[in-house]
Structures are given as C-alpha cells and as structure tokens.
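Each chain gets a letter, A, B and so on, in the order its sequence line appears, and its residues count up from 1.
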2 protein chains.
Amino acid sequence: MDERTGLPVVGMVGAGQLARMTHQAAIALGQSLRVLADSRDDGAALVAADVVVGDYRSLDDLRAFARGCDVVTFDHEHVPHEHIVALAADGVPVHPGAAALRFAQDKRAMRERLTELGVPCPRWAPISDAGELDAFATQVGWPLVLKATTGGYDGKGVWVVGNALDAAAVLASGTPLIAEQKVQIVRELAADVARSPFGQGAVWPVVETVQRDGICVEVIAPAPDLDDDTAEQVQALALRIAGELGVTGVLAVELFQTADGLLVNELAMRPHNSAHWTIEGARTSQFEQHLRAVLDYPLGSTAQTAPVVVMANLLAGPDDVVPKGIDERVHHLMAHWPEVKLHLYGKHFRPGRKVGHLTALGDDLATVRARVAEAADYLMNGERT
Amino acid sequence: MDERTGLPVVGMVGAGQLARMTHQAAIALGQSLRVLADSRDDGAALVAADVVVGDYRSLDDLRAFARGCDVVTFDHEHVPHEHIVALAADGVPVHPGAAALRFAQDKRAMRERLTELGVPCPRWAPISDAGELDAFATQVGWPLVLKATTGGYDGKGVWVVGNALDAAAVLASGTPLIAEQKVQIVRELAADVARSPFGQGAVWPVVETVQRDGICVEVIAPAPDLDDDTAEQVQALALRIAGELGVTGVLAVELFQTADGLLVNELAMRPHNSAHWTIEGARTSQFEQHLRAVLDYPLGSTAQTAPVVVMANLLAGPDDVVPKGIDERVHHLMAHWPEVKLHLYGKHFRPGRKVGHLTALGDDLATVRARVAEAADYLMNGERT
C-alpha cells in the first residue's frame, strides 16, 4: 500500500510497451506502476516514476523488486517458473500465479492441459527424436510445425518444416519441442478475457488478428462476419479456459478458424497485442482491466465504444527514422489522419520491430481499415500508399 | 528533442493533476512529460519519470528546467509574467506566450482586452479606493463582486459584498481589485478550444458547468437544451478570443448564461476542469490536444464519443479516507458503478479538496448524471444517496 495515497502498489516484471500502457492506466486509478526494467531505456522505464533496474532471471532481484508491492504481475512470460513459485512461497501475491503461468510458458504443458479439458487444438505430439517425429508425420503429413516448448514469441521458436531433412536441423539443436499439424487456416481470431482471484470473468468482443510472417499486423474488432453463436462459443471457451487454468489477470486465447471449426493456437497471460484496440475501443481497456483483475477489484465494462475498431501495429520499416524524421512524420500523420489515435512505445527502431500502434474507430469497416493501414504504412515507411 | 526517441520534450511548469493527466497523454505520443514540481509528492511527480523539483517563482529554476525542453507550458497561471518574458528572450519556445498569458493572469487586463474586442462581459470597473467602488455601485447596485486581479482560483480571491462596509474589509487588504456586477445567472457554460502557433483552432462541444460554493462540481457535455445557434456562437466566440489574444494551447472560456444573453466570466490558458470529460468523451482529449497545440502539431478531432458525457469532481469529504478506507471504497465503486471511469490524482485528502474526478457516458442525461453523482458522493463520503 502506498502510504501517501492509500492505494495499492502493483509491480510489473518487465518494462516494455505492455508495462508502459499499464502505467497509463494505473495513473487514472490513483496508482503508479512499479516496473522491473532491464534498462533505463525500456519503454516503460522512460515514462514511469517507480523504476527498478534488475534481472528478471535473478530471484534476488525479483525479491527486492517485490518488496512493498501489493501484487506482482508480468509484461512477459520469461520469468523462470521456480522464481515465481519462490515469490509466492515468500508470501508475495503473484498474479497470474505459477500454476497458471506454466501453461503460457510451456507449450507442451498447455497442449496437454487443453487436450485434457477437451478444448479443440491442432493435432500435436511431444517430440524428442526423429523417430517420434516420423511417427507423428505419418499421421498428419508434411509440412508440419515444430515449436520450442518454451521461450518463443512473435514467430520465434516456431519452424514450419517440409520434410524430415528440414526437421533434422531443428531437432539437432536439442531444443525441447512439440510438433503440430499445419492446419489450413481461414483466418486467425483472438478472445481476450480477464479473470480476478475472486473468480469474476469479463470478455471483450472476439477479434480477427491479421498476421504477416508470424507477426500480428492488424486487429479488427469485432471479427467481421463472425456469427453471434460462434462468437459466444468462443467467448465462453476463453472464459472456461481462464477458469480451468486458474488464470488471474488478462488471458489472450489465440485461435485458428478452419473449414472444420476453431482450434486454440496459443495462450498469453498478460495484456496482449490482440486487445490494444480496447484503449479507445472499449469502455475498459485491457490495461485497466488487468490492474483491476490482479488487484481483485471488480472488473469494468467491456462494451465496445464504436461499431468498428481497427488497430494496426507499427512495424519499423527499413528507414532510420530515429532520431531523424519521426517527428516530422508524426506531424504529417496528424494532419492527414486526424481521426487516428497514435501510440508510440519509446523504442529504438529496428526493421520489423513493433514500435507502436494506431487505432481508429468508425462505422464502415472498409474505410476505417484502409485509413489505418495507410497511416501505419506512411508513419513507418514515409510513403503514402 | 529526446535523442533516444527522436520526439520532442515538453516541459510543464507545475505538477498537479493537469500535468499528471497531460503525462498520460504524452506517453501515447511517444513522449515523457518533464514536470517542474514543488515537491516529490505532487500528483504528476508521483507518476512521471522526468521530474525536476524547483520553484516556479525562481527564474534560475525555470531556466534550468527549460534546458533541453522543446517547448515549455504550464499547469497553472502563477508563474511571474516577467519570468515568462525572460524565458522567451532566452529563446525558449513558451506556449502560451507571455502576452497571451497576461490575460489569464490579470483579470483587469483580461476585462480591458475583452471589452476592447466587444466581447460581452459583466459590467466591471477597476477599483483602487472606496470612492471608485461607490461610483461603480451606484451604477450596478449591491451586492457586487470584488475580484483580486491576480492569484485567484476556485473561488479564492473572489468576494461577494453586500454593502460598502463589507467591501471596506476587502479594500483595506490592499489587494489590487476589480469590481463586477453580480449578474443573475441562469447557469454557467464553458467553451474549451485549442489553438496552435500555426493558427489552427479546434473546439469541443459547449458544456454546462455546475458550481457549488464557487467550485465546479459537475460538467455536462453537451450543455443540455442549448440551441445549436447559440452553441455555435459560443464556439465561434471562444475561437475568436483564442485568436485575438494569441493563445497557444488549450483555452477555457467560462461563461454566464443570463436572461439577457451570455457573458464571459473567466479565461484559463491550460487544460481545464471543464474539459476533463474529453478523456473518454471526445476523440481527442484536452490533454493530448494541449500537447499537440503547444508542439504546433496538427490538432485532433474533437468529436464527442457518446450523446451524453457527465464528469463529477471528487471533492474530499470530511472523513479521513487516506490512508485508511479509500482502497475499499474504490472496490465498492467499481462493483456498483462498473460503467463509471475513475481518475484519482494522488493527492492528500483535505475536506473540499479536488482529489479526482469520475466520468460516465451514455444516452440518457438524467440516468448518467444521477449515476455519476451517486458514485462521487459514495467515494468521497462513504455513503450512498
């Protein structure tokens, strides 16, 4: 508890854009997010008052960071499981807890648990050698997908392999793997929910996430042409997963829509790119909701604020626009697209890196989508399509 | 320019709630607001990364603060005029500039200028002695209003006096004064606009501001039952004042609605309580717009996001709820009023002090207004009306 304000102190391990946007939400709630940053240059460290620089892989650093926090939460899944267990054993309230987080940290554990729960997933198998892979390939055919059980994100740790020879190179690395059927995807969806320790759940409208090279480039809320029954089933499924896994905070359930139905692709237990649109597009943003959930506050309304909301990620183009040029582009962005909302994360630009996002609201999907895409392309590449 | 991000550094003198909420807006624009705080306990100093503790009355402190800022702006009107002139002479871009700010700092100068411009105001006169006051009272009658020309806010520096005897005590203090006719007010309105150095102007819908004991308690957007012609006239008047006075940044024009028409009451050249509703209630909040304006960025859309928006100030009640009890009340607030958005300023509670505000959006004025008022009363007084 902050003695000056009488309000809780939330500590977030990690100081990237998720922590940065969570801090914005914390300010409204009378709080100031404490962040554990790798460096003073991290996106959240540039804007927060209560910054601890330390190593999330060090239990000593985590313990020092947690001191004085009413709850500890995460902006990424990379904190070692045993450290989260140790923090909880110290009496630190940690949300989501170690038992739930395991299913976001370990893809094999996630697949095993979802399979037990009867949640539809791509066909999969744990793989420890070429023989097991060969057996699995016989069932699902080539190409198939190999995934590192831990440490992957944004397409890293995922390999689409066309044959046993290609797979051999991945197997040779010694990385613990699972194999998954390469399903024919119609499109990708996401269902974002929040759940509090008390057990209250809240779910935002199901969205379509548009990927390019394994990275999300665009999110459309609500998912276009998704019938109400399916949308409700997906929302119910996501809430059920949150409950069964004991998730506290925000849970993102990423799904594949296929000709044969919906399959769960990935889980993330933190604010997630698929719900950045909620900052302007929902009555309660995922960042405020995550704070409410981990603090066991009642959850806020998830109602959408406009018929159509589109978010486009800002993926840095090949130009070096930092420090030169980005400010001029922001001027032009504001002049040409006055209805578009800008979010920059304070990150160094590297080609392909997510350095921010844009959001627009409206009535007509095609118009809103085209405007946001144009604006994002201009801001990153300096050209108008 | 921040070398890491390639984006500008805005410095705001003062670190109260206006700076606190401006910092939230700055984060989205990729910036981090630099604040000049009286103390580390100031509302914005609790949440911002770039805090300088110093005295806004010291030119040395202001100069040190301004170093490295691309523009300096203000969260209050109390910086001495000559210091603002000196900063500008140093080459620091200051917005609003000294010439404009004078009309927000000096009520006599404001009345003289508005009178020259033909802007409708209450009848007024500068007062230096009892004889001048007597002559003015003969014209407008008792009671009348005495105002300190400088330093007033939230009802401070304003005296309603019923007769010459009451007025004598105020005159005896030696405070430079103007006298104003005490007009019969139907209600109070405000027109908030932004203007950039380039000369672009933007105006939000005209609002009704509900006052109690000289302090704003509630703001309703748009002002109920205001006919479109009058609303447009008020908006045009506010934009004209911003242009004629050379205002850069946000300008709040507070007005009296009377049986005989509208009269300008006060001007404020900074984000203003009458536009806090814009955070959720308009496409561009006054805080983002103020940053855009002082940076000479193009201005954002001022469209309202719902038919009715009501903001209620949180004025601390007699209870000592800090540090005890406020967090429990926040829980109950969120449970009972899930649609209401909370903004707490990190301030110490003192009876009557503005410690935050609530905002709600909807379709039906009576419902939204009642809900927000109930919620504010509960949060401050611990009781449900």
Side-chain angles (χ1 to χ4, degrees), chain A residues 1-8 20-21 23-24 26-33 41 45-51 279-280 283-284 292 296-301 303 305-306 321-327 330-336 338-339 341-349 355-356 361, chain B residues 1-8 20-21 23-24 26-33 41 45-51 279-280 283-284 292 296-301 303 305-306 321-327 330-336 338-339 341-349 355-356 361:
Chain A
M1 221 37 94
D2 182 327
E3 288 186 13
R4 290 168 301 196
T5 61
L7 292 165
R20 184 178 169 107
M21 292 185 274
H23 179 53
Q24 284 181 285
I27 292 171
L29 301 183
Q31 305 168 26
S32 184
L33 190 71
D41 271 356
L46 296 174
V47 299
D50 193 356
V51 179
I279 295 174
E280 295 90 3
R283 283 281 163 255
T284 308
R292 286 179 178 231
D296 214 3
Y297 280 164
L299 303 179
S301 161
T305 59
V321 290
V322 170
K324 302 183 296 291
I326 186 66
D327 186 48
V330 168
H331 272 76
H332 289 298
L333 176 89
M334 290 180 174
H336 283 286
E339 80 282 18
K341 304 310 294 181
L342 173 65
H343 296 267
L344 286 172
Y345 303 155
K347 284 172 152 184
H348 291 283
F349 281 44
V355 296
L361 287 71
Chain B
M1 220 37 95
D2 183 328
E3 288 186 13
R4 292 168 301 195
T5 61
L7 292 164
R20 184 178 169 107
M21 291 185 275
H23 179 53
Q24 285 181 286
I27 292 171
L29 301 183
Q31 305 169 25
S32 184
L33 190 70
D41 271 356
L46 296 174
V47 299
D50 193 356
V51 178
I279 296 175
E280 294 90 2
R283 283 280 163 257
T284 308
R292 287 179 179 232
D296 213 4
Y297 281 165
L299 303 179
S301 162
T305 60
V321 290
V322 171
K324 301 184 297 289
I326 186 66
D327 186 49
V330 168
H331 273 77
H332 289 298
L333 177 89
M334 290 181 174
H336 284 285
E339 80 283 17
K341 304 310 293 181
L342 173 65
H343 296 267
L344 285 171
Y345 303 153
K347 283 173 153 182
H348 291 283
F349 280 43
V355 296
L361 287 71

Okay, A:Ala335 and chain B: the region with an atom under 4.5 Å from a heavy atom over there is both

Closer than 3.5 angstrom, by distance alone: can the side chain of A:Arg20 be matched with the main-chain N or O of B:Ile27 as a donor-acceptor pair? yes

Correct closest heavy-atom pair for A:Gln31 and B:Val47 would be O-CG1, 3.7 Å

Scanning both residues in full, the closest heavy-atom pair of B:Leu7 with A:Val330 reads CD2-CG2, 4.2 Å

Scanning both residues in full, the closest heavy-atom pair of A:Gly6 with B:Asp327 reads O-CB, 3.6 Å

The interface call for B:Ala45 against chain A, heavy-atom contacts under 4.5 Å, is backbone

Highest number of heavy-atom pairs under 4.5 Å with chain A among B:Ser301, B:Ala48, B:Gly346 belongs to B:Ala48

If one checks every heavy atom of A:His332 against chain B at 4.5 Å, the contacting part turns out to be neither

Heaviest contributor of heavy-atom pairs below 4.5 Å to chain A, chosen from B:Leu344, B:Thr284, B:Leu361, is B:Leu344

Chain A shares the most heavy-atom pairs under 4.5 Å, among B:His343, B:Arg292, B:Glu280, B:Met334, with B:Met334

Whatever's closer than 4.5 Å to a heavy atom in chain A on B:Leu299 counts as backbone

In this structure, CG of B:Asp41 is separated from CZ of A:Arg4 (nearest 0.5 Å) by 5.5 Å

message: Quick check against the 3.5 Å criterion: does B:His348 have a side-chain atom that pairs as donor or acceptor with the backbone of A:Thr5?
response: no

Any heavy-atom pair between the side chains of A:Leu29 and B:Leu342 that's under 4.5 Å? yes

Cut-off 4.5 Å, heavy atoms of chain B, and the answer for A:Leu33 is neither

Most contact-rich option vs chain A, by heavy-atom pairs under 4.5 angstrom, among B:Arg283, B:Met21, B:His331, is B:His331

